[in-house]
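Being a predicted model, the structure only gives us computed values, none of them experimental.
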Amino acid sequence: MSCGELRAGDAGGSVCLRGWVNRRRDHGGLIFIDLRDRDGLTQLVFDPSSPDLPADVFATAERLRAEFVISVNANVRLRLPGTQKADLATGGIEGAVTALTILNESLTPPFVVAGDDDVDENVRLRYRYLDLRRPRMQRNLTVRHKIVKAMRDYFDARGFLEIETPNLIKSTPEGARDYLVPSRVHQGAFYALPQSPQLLKQILMIGGLGRYMQIARCFRDEDPRADRQPEFTQLDVEMTFVEEADVMAMMEGCVIDVWRTALGVSIATPIERLTYEDAIRRFGSDKPDLRFGLELTDVAQIVAGSDFPLFATLAAGAGNRIIALRYPGGAVLSRREFDALAETAKGFGAKGLPYLAFTADGLKGSIVKVVSPEIVAELQRYTAAQTGDALLFVGEAHALASDIAGRLRIEIAERLKLRDPKAFAFCWVYHFPLFERDAETGAITFSHHPFTAPGPGQEDLFDSDPLRVRAQHYDLVLNGYELGSGSIRNHKEAFQRKVFHRLGLDDATIEDRFGFFMEALRFGAPPHGGMALGLDRIVMLACGETSIRDVIAFPKNQLARDLMMDAPSSVPAAALRDLGLSINVKPQPAQL
RNA sequence: GGCGCAGUAGCUCAGUUGGUUAGAGCGCCGCCCUGUCACGGCGGAGGUCGAGGGUUCGAGCCCCUUCUGCGUCGCCA
């Protein structure tokens, strides 16, 4: 019997309950204990006037403190009239204790476990076992379980096999930094922990498994963020004989099913689909937050003839964008506030942030003198700016302008509280470019991963204008977060080799790093494609949290440390000797 | 690696222009209390103001350095 189960109908019976002391209310002659387990709370009464309560039991009850673990025998009875508690599932009954065993005592906890009061995250992580007892983490981990179960059920019902892939694999170049594991048997050689099971799941397809899924742990040695951990979990999926639309439909069905069965929320279908180009044009991001409008408007044509040199120059040059961003109600901002907003924009890479404010008293703004009334009128018409609104202008090279305006769009939405934390706005973004130019080196690199196939009919462009090649690559986006990416993969060795060549890898390098995979492609590799979704982010958004640390039982902090275990840590010299390693940096003294 | 914010009691925080003995709520400890459920009442303990250095007659407060955490940029095929 658990602490959340008893109801009025159980009155008259007797039960054995075990759990933690959530709260005690000691009235001197009468003691109440709220007993807690994962299931809920049950009020226990120690009533010395009752003939069923031995005196020594009451004496023991006086010793009880928060987080003591106890076992009791109790008679279940209805609470006295007027003492029922409506907001508690078990609030109609109580347990009149007849026997008590203290299974374990507890030190005074560093924070109150009975409740979700704010506690410093360091303290929560250091004493994670106490934090895990609190309602928030119990709820979040329960939701996580339900989501994972819904995923497994969904794919099981559709003929997918869950197949485990190894965590000790081969390091392959590019992408994120690998976590490396030194080999004892082969000193000087290293395994890598998988950044994702990408090649393994493709080989499972080559292996004829048809439909694969896995709740897979992935490792990337990059700096953590609120929505990123060095180790994280993906729902990983791969299928043979599919096209883009098949995978998207399968994954869309999954998230709809997960939201319905695990959260009881129905998602509007079909999920909106945006091409990459449209997403950038309308929202300035390839992971647009569709919970609000505030779309970007291109105004180069309108302002081309203005006296503002910046506009005229940008409009004349190819590859530039001039974007107007409507700030509803922004006309009331002071000059100082607009300056601060410009500073924010500069932080995003803008050189400045010209603006117009349509106040009740007329037009104001930094460029009011250099833009003619006709152009202003046209801008107002085109952007649907109302009196009281402001227009912010971003003019830069196309990609930069889009990025800046996209970030400002989020900034404005944040200020106007347009991002409803309870809303779920999914969208697909697809038709990504296959390649992009590395901003620093200028070299051509892949935008997803090098196994993504180009769209049909794109082969000619591949040689003549690779940056314009469209990939069969799709992202699922929720509330401005990228939930995951997928693609149709190259299944012909010759073409995969061509992609590698295009990326600057020579045959020797291909052989060294991907030889096993290239060989597999030569043995009847079927057409295949798939997707991976970030489970932690999904659960985070489903729980209304803003950090994936709150949906992971034992997360790491921003320096990738586990504050409870104090990992990473040094190891004995003998362990290093076994591995043929020596350390050539000074050992860091323990900081904790 | 850059930028921003934060660090004062076990927890959450306040602390004025640099000025007496650094406070509050919760928690904890003791006593009282038979219907509470955030029980209540009375009393009490508890502080390297993250650390180091400096300015000053005097520093929680000002300056420098540093550590830690969070957010973010870089990074994240």
Peer 1: Between N or O atoms, less than 3.5 Å apart, protein on one side and nucleotides 3-10 of chain B on the other: list the pairs.
Peer 2:
| from | atom 1 | to | atom 2 | distance (Å) |
| --- | --- | --- | --- | --- |
| G10(B) | O2' | Pro110(A) | O | 2.6 |

Peer 1: Using the test ring-ring contact (aromatic ring centres under 6.0 Å, His included), find all partners of His473(A) that sit at least two apart in sequence or belong to another chain.
Peer 2: Phe432(A), His448(A)
Peer 1: By a strict heavy-atom criterion of less than 4.0 Å, which residues belonging to residues 25-33 of chain A are in contact with RNA chain B?
Peer 2: Arg25(A), Asp26(A), His27(A), Gly28(A), Gly29(A), Leu30(A), Phe32(A)
Peer 1: Indicate yes or no: does Asp120(A) engage Arg126(A) in a salt bridge with an N to O separation below 4.0 Å.
Peer 2: no
Peer 1: Quick one: side chain to side chain donor-acceptor pair (under 3.5 Å) partners of Lys492(A), sequence neighbours excluded?
Peer 2: none
Peer 1: Which ones in residues 543-560 of chain A lie close to RNA chain B, meaning a heavy atom under 4.0 Å from one of its atoms?
Peer 2: Arg549(A), Asn557(A), Gln558(A), Leu559(A)
Peer 1: Using heavy atoms to find the nearest nucleotide of RNA chain B for Ala226(A) and Ser447(A) separately, return the residue whose nucleotide is more 5′.
Peer 2: Ala226(A)
Peer 1: Please enumerate all residues that pass ring-ring contact (aromatic ring centres under 6.0 Å, His included) together with Phe338(A), with sequence neighbours excluded.
Peer 2: Tyr355(A)
Peer 1: If the C1' atom of G27(B) is compared with that of U66(B), how far apart are they to the nearest Å?
Peer 2: 33 Å
Peer 1: Just to verify, what does His449(A) make a ring-ring contact (aromatic ring centres under 6.0 Å, His included) with, not counting sequence neighbours?
Peer 2: Phe451(A)
Peer 1: So, using side chain to side chain donor-acceptor pair (under 3.5 Å) as the criterion, who are the partners of Glu67(A) when residues are at least two apart?
Peer 2: Arg36(A), Arg133(A)
Peer 1: Show which side-chain atoms of residues 40-56 of chain A pair as donor or acceptor with protein atoms under 3.5 Å away, not counting sequence neighbours.
Peer 2:
| from | atom 1 | to | atom 2 | distance (Å) |
| --- | --- | --- | --- | --- |
| Thr42(A) | OG1 | Cys3(A) | O | 2.6 |
| Gln43(A) | OE1 | Arg25(A) | NH2 | 2.9 |
| Gln43(A) | NE2 | Glu94(A) | OE1 | 3.1 |
| Asp47(A) | OD1 | Ser49(A) | N | 3.0 |
| Asp47(A) | OD1 | Ser49(A) | OG | 2.7 |
| Asp47(A) | OD2 | Ser49(A) | OG | 3.3 |
| Ser50(A) | OG | Asp52(A) | N | 3.0 |

Peer 1: Now, which nucleotide makes the Watson-Crick or G-U wobble pair with G4(B), with each of the two distances under 3.5 Å?
Peer 2: C70(B)
Peer 1: Report, one pair per line, the protein and nucleotides 29-31 of chain B atoms (nitrogen or oxygen only) whose separation is under 3.5 Å.
Peer 2:
| from | atom 1 | to | atom 2 | distance (Å) |
| --- | --- | --- | --- | --- |
| C29(B) | OP1 | Arg65(A) | NE | 3.1 |

Peer 1: For C42(B), which nucleotide is its Watson-Crick or G-U wobble mate, given both distances must be under 3.5 Å?
Peer 2: G30(B)
Peer 1: Is it true that Arg497(A) and Asp507(A) make a salt bridge, defined as a side-chain N closer than 4.0 Å to a carboxylate O?
Peer 2: yes
Peer 1: How would you list, by chain and number, every residue that makes a ring-ring contact (aromatic ring centres under 6.0 Å, His included) with Phe32(A), sequence neighbours excluded?
Peer 2: His27(A)
Peer 1: Any sub-3.5 Å donor-acceptor pair from Glu222(A)'s side-chain atoms to Arg177(A)'s backbone N or O?
Peer 2: yes
Peer 1: What pairs with Glu231(A) under side chain to side chain donor-acceptor pair (under 3.5 Å), at least two apart in sequence or on another chain?
Peer 2: Arg217(A), Lys556(A)
Peer 1: On a plain distance test, is the side chain of Arg220(A) in donor-acceptor contact with the base of C76(B) below 3.5 Å?
Peer 2: no
Peer 1: What interatomic distance, in whole Å, is found between C1' of U72(B) and the corresponding atom of G10(B)?
Peer 2: 31 Å
